[in-house]
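All remarks here apply to the structure that follows.
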Amino acid sequence: MEKYEHKKIEEKWSRKWIDERVFTPDLKNSQNPYYALFMFPYPSAEGLHIGNFYAFTCVDVMAKYKKLKGFDVFEPIGWDAFGIHSENYALKIGEAPGKMLERTVANFTKQIQAAGLSCDWTREVNTMSPEYYKWTQWIFTQLFEKGLAYQKEAYLNWCPSCKTVLADEQIEGGECERCKNIPEKRKMKQWFFKITHYADRLLDGLGKMDWSEITKSAQKNWIGKSEGANIKFKVANSDLEFEIFTTRPDTLFGCTYCVLSPEHELVSKIISDKQKDAVEKYIQEAGIKSEIERKENKEKTGVFSGAYAVNPANQEKVPIWIADYVLAGYGFGSIMAVPAHDERDFEFAKKFNLEIREVIAGGDINKEAYVEEGNLVSSGKFSGVQSIKAKKVITEFVGGKLVANYKLRDWCISRQRYWGPPVPVVYCEKCGTVAVPEKDLPVVLPEMEKNWEPSGDGKGPLAKVESFMKTVCPRCGGEARREADVMDNFLDSAWYFFRYLSPDNNKEIFSKDLGGKWLPVDLYIGGNEHAVLHLMYTRFITMALHDLGLIDFDNPFKRFRANGMILKNGKKMSKSKGNVINPEEYGEKVGYDALKSYILFLGPLSEDRSFSDEGIMGTKRWAERIFNLFDRVDGEYTDEKKVLRKLHRTIKNMENDMEEQKYNTAIAKLMEMTNVFYETSKISEETFKKFLILVAIFLPALAEELWEKLGHTKSIFKEKWPEYDPALIQDEEINLVIQVNGKIRDIIRVNADISEEEAREAAIKSEKIKKYTAEKEIKKIIFVKSKLINIVV
RNA sequence: GCCCGGGUGGUGAAAUGGUAGACACAAGGGACUUAAAAUCCCUCGGCCGCAAGGUCAUGCGAGUUCGAGUCUCGCCCCGGGCACCA
């Protein structure tokens, strides 16, 4: 008997598939396109991570299944090579990022090619190549022309370690997403993308999307829509006014004070001379407090401004306070405070001894705020009205406006770093800020051997390259300066799947005819840590491209699934614990076929899974068992009926499981089939061939090898998925469950097509059943065809 | 606090409202072997029982149903998202 040499087999076939372009579709002439996409990796120096490897595999098995099912499958590969992650590592090892990435991309290529995925290696993209980032910059210029890219001054997250501003989405749990340091708030003028313009579409779209619930829920929470009203308050004894947002306009009569955030522009204009010192001191202290301090110490602080506002509902004068529990960035940075019906206002009012006035009946407002809705009291002519109705009529009464507010902020895209696409604008004294026209793109990132590290002075390293900075205005031809910042790495990755279709097209961002055929992407799988980063940015960019008239859809991925995490023996992997799973190591030890099958077999796609070195031997043994079956294959043999039945059932069940991406049970069914083969001494060649096609999804190299040993010269992936014969699936005899009052009392073998009459007769005849029915009245009999019969007594 | 997931043997897990625990790991036993590894075969939720069988069992408590892991309601616990967001 020949030995199963996984390494030899896998090396042979992974090479052959690439060389013979088995998985390179003809994009133009495809009849039946299926676009299978995994999140392209950032080629880290550490090499391929098992988490990436797992997500790739989840996409890859579907790609292989669809290919066998007759689809033209496109499973592209590329490199997310620009960005802080690569740059930080280059800094650490003191090497220029471009040089370093040449090496790491080569290493990733080697690793992924060894894994036997069905990638098309002829259409690689790399975000750091000028041919690619020309179009990243082009997107910027298009958004700029549409008013969706703009500059503004704002308080931003400044990472003191990465020495750049970051988007809100890149702050995770108060830490920099990359380096885990705590960012500071800095007031800076930066470039933004107006993602808030799409807030409603991003939210409403979720309802129709076939994406993992967990991802949709994260996006929904992040967008954070709340419905309420904008209401204007006048400042007493002046012609100043300010606007507030509230979700509870029905409680307007209970407003006993107002609060402005320390950053509010009105603060300096309204403070009284008497309060001036106190207010200025407070603002200074609030400014020093870090985000973390604010979070940890939620004790309310504030100071009276000395000014009063006029409640537009009853014309009462209420004091205006300055307090940092009101955030500058949400709504107008100013609120009406209703301590009787808001927990935060209640706490503040208690501390500073402000009036608490009940305007919704219910609860004991001496103890705590009553935040439910209800019937209005002490609200003038609106007393007695229900909250829900009062919201509308009170808003109208004071000339306010019913509106929705969002937590989502605009996406800050400039980075004071080196390793990214330069923001393609020039500043001209005469013409102002001008986007670089398409014919002048890309704005090439100059090679910097030295001084490319971030300086921390708020300007990108490119500011030091005079030959880059000095340019001419594309509009008037006069002297002009370039922008020194580069763009966020998440912009590079927000559109890469468009580029895969035509990576060499230098006339268009992507070839429209191919886009019409292949987009949107059919299946996308990746980690949910990107729910409000990559995945939301991508939706936004897709919507923007839609509005530019480039595409006719605005959801980039028809189906998205968030894959679970891989744990080692139930624990999170980390380098410090030394329990990192290296795919290459297991490829060597048990083979990639066994490794891939194992991580899929561990459980449902979306759930976390615990990897163990003992467990993986299960799929290794399975592969070996299949390999060893080869000696039982006989061209002359006719299979037993039970083997044929199992085969056809397996085909059918596999189809169901694969469509629903239940990879774990699909593999289990192939294992069952394997076990049935071991109950027979011979297998017909016909049956074994069909079996190999099923197996090829999960154990591709093994299947190819045995396919070749059967005498085939073409790849098994050129074959068609076998069809099952419904007639062969039917059992002749079945187990009929007999219940009495819903409890199983007997199981008998009967003809599969037994009628209700016959079943009833057989059930009553059963000795075991007689025990339970004797001397009892049969009230009812329930019969479920070819399953059970239940006697109710 | 609000919004998503989830809770089933020693372990990872299966189960269109119809035989709970498929498949696999671990464990135990057997065959082969001088021996071991590998391989092949068998057993494997708890309790009572020699067995046949009985009985309990899918986080807890109710309910709907002839029948509930699955549906409904209320609670508990775990994971994730948001959170001084007005």
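As the structure is a computational prediction, the values presented were derived from the model and not from experiment.
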>> Nearest whole Å is fine: how far is A13(B) P from D657(A) CG?
In response: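 For the pair D657(A) CG and A13(B) P, the rounded distance is 17 Å.
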How many Å lie between CG on N221(A) and C1' on C2(B), as a whole number?
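So the CG-C1' distance, N221(A) to C2(B), works out to 8 Å.
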- Message: Please give me every residue in residues 782-793 of chain A whose heavy atoms get under 4.0 Å of an atom in RNA chain B, ordered by residue number.
- Response: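 Only I782(A), V784(A), K787(A), L788(A), N790(A), V792(A) qualify.
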Using a strict heavy-atom distance below 4.0 Å, which residues from residues 530-540 of chain A are in contact with RNA chain B?
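Within this stretch, nothing sits under 4.0 Å of the strand.
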Practice problem: Would you classify R609(A) as touching base, sugar-phosphate or nothing, given that sugar-phosphate means primed atoms plus P, OP1 and OP2, and contacts are heavy atoms under 4.0 Å? | Solution: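 Contact class for R609(A): none.
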By ring-ring contact (aromatic ring centres under 6.0 Å, His included) - contacts of [X] (at least two apart):
X: Y663(A); answer: none
X: Y4(A); answer: F627(A)
X: F245(A); answer: none
X: F490(A); answer: Y537(A)

inquiry  = Whether R745(A) contacts U55(B) is assessed here as follows: a side-chain N or O lying under 4.0 Å from the phosphate OP1 or OP2. Is that the case?
reply    =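 Checking U55(B) against R745(A), a side-chain N or O does come within under 4.0 Å of OP1 or OP2.
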Looking only at side-chain N and O atoms, does Y772(A) come under 4.0 Å of OP1 or OP2 in G54(B)?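 True: Y772(A) side-chain N/O within range (under 4.0 Å) of G54(B) OP1/OP2.
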Just to verify, what does T215(A) make a side chain to side chain donor-acceptor pair (under 3.5 Å) with, not counting sequence neighbours?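 Residues passing side chain to side chain donor-acceptor pair (under 3.5 Å) with T215(A): N528(A).
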- Query: For T773(A), which residues count as a side chain to side chain donor-acceptor pair (under 3.5 Å) partner, sequence neighbours excluded?
  - Reply: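 Result, side chain to side chain donor-acceptor pair (under 3.5 Å) vs T773(A): none returned.
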- Item | Geometric cation-pi criterion, K589(A) with Y586(A): 6.0 Å, 45° |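 Yes; both conditions hold, so K589(A) lies above the ring face of Y586(A).
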| field | Cation-pi, F677(A) ring and R632(A) (6.0 angstrom, 45 degrees) | value |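 Output no; distance or angle outside limits.
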Write out all pairs satisfying salt bridge (Lys or Arg N to Asp or Glu O under 4.0 Å) with one or both partners inside residues 734-750 of chain A, taking only residues at least two apart or from two chains.
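Every pair satisfying salt bridge (Lys or Arg N to Asp or Glu O under 4.0 Å) with a residue in residues 734-750 of chain A: E733(A)-R749(A), D746(A)-K768(A).
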In whole Å, what separates the [atom1] atom of [N] from that of [M]?
N: C32(B); M: C44(B); atom1: P; result: 23 Å
N: G61(B); M: G69(B); atom1: P; result: 13 Å
N: C4(B); M: G10(B); atom1: C1'; result: 32 Å
N: G74(B); M: C3(B); atom1: P; result: 12 Å

query: What pairs with A404(A) under side chain to side chain contact (heavy atoms under 4.5 Å, CB included), at least two apart in sequence or on another chain?
result: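 Residues passing side chain to side chain contact (heavy atoms under 4.5 Å, CB included) with A404(A): K225(A), Y406(A).
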Got a sec, which residues hit side chain to side chain contact (heavy atoms under 4.5 Å, CB included) with L402(A), two or more places apart in sequence or on another chain?
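Counting only residues at least two positions away or on another chain, L402(A) forms a side chain to side chain contact (heavy atoms under 4.5 Å, CB included) with A229(A), K392(A), T395(A).
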Does any donor-acceptor pair link the side chain of K220(A) with the base of C82(B) at a separation under 3.5 Å?
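Answer is no: no donor-acceptor pair is held.
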With respect to the side chain of [X], which nucleotide from [options] is positioned closest?
X: S217(A); options: C84(B), A86(B), C4(B); value: C4(B)
X: S226(A); options: C23(B), G53(B), A86(B); value: A86(B)
X: M671(A); options: C41(B), G54(B), C23(B); value: C23(B)

### Task
Pull up the glycosidic torsion of G81(B) and say syn or anti, syn being anything within 90° of 0.
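Judged by the O4'-C1' to base torsion, G81(B) sits in anti, the angle falling more than 90° away from 0.
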Original post:
Checking E758(A) side chain against S755(A) main chain: does a donor-acceptor pair fall under 3.5 Å?
Top reply: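 Answer holds: yes.
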Tell me, which stems hold RNA chain B, with a stem being 3 or more Watson-Crick or G-U pairs in a row and both distances under 3.5 Å?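 Stems found: B:1-7 with B:76-82, B:10-12 with B:23-25, B:27-31 with B:39-43, B:45-48 with B:53-56, B:59-63 with B:71-75.
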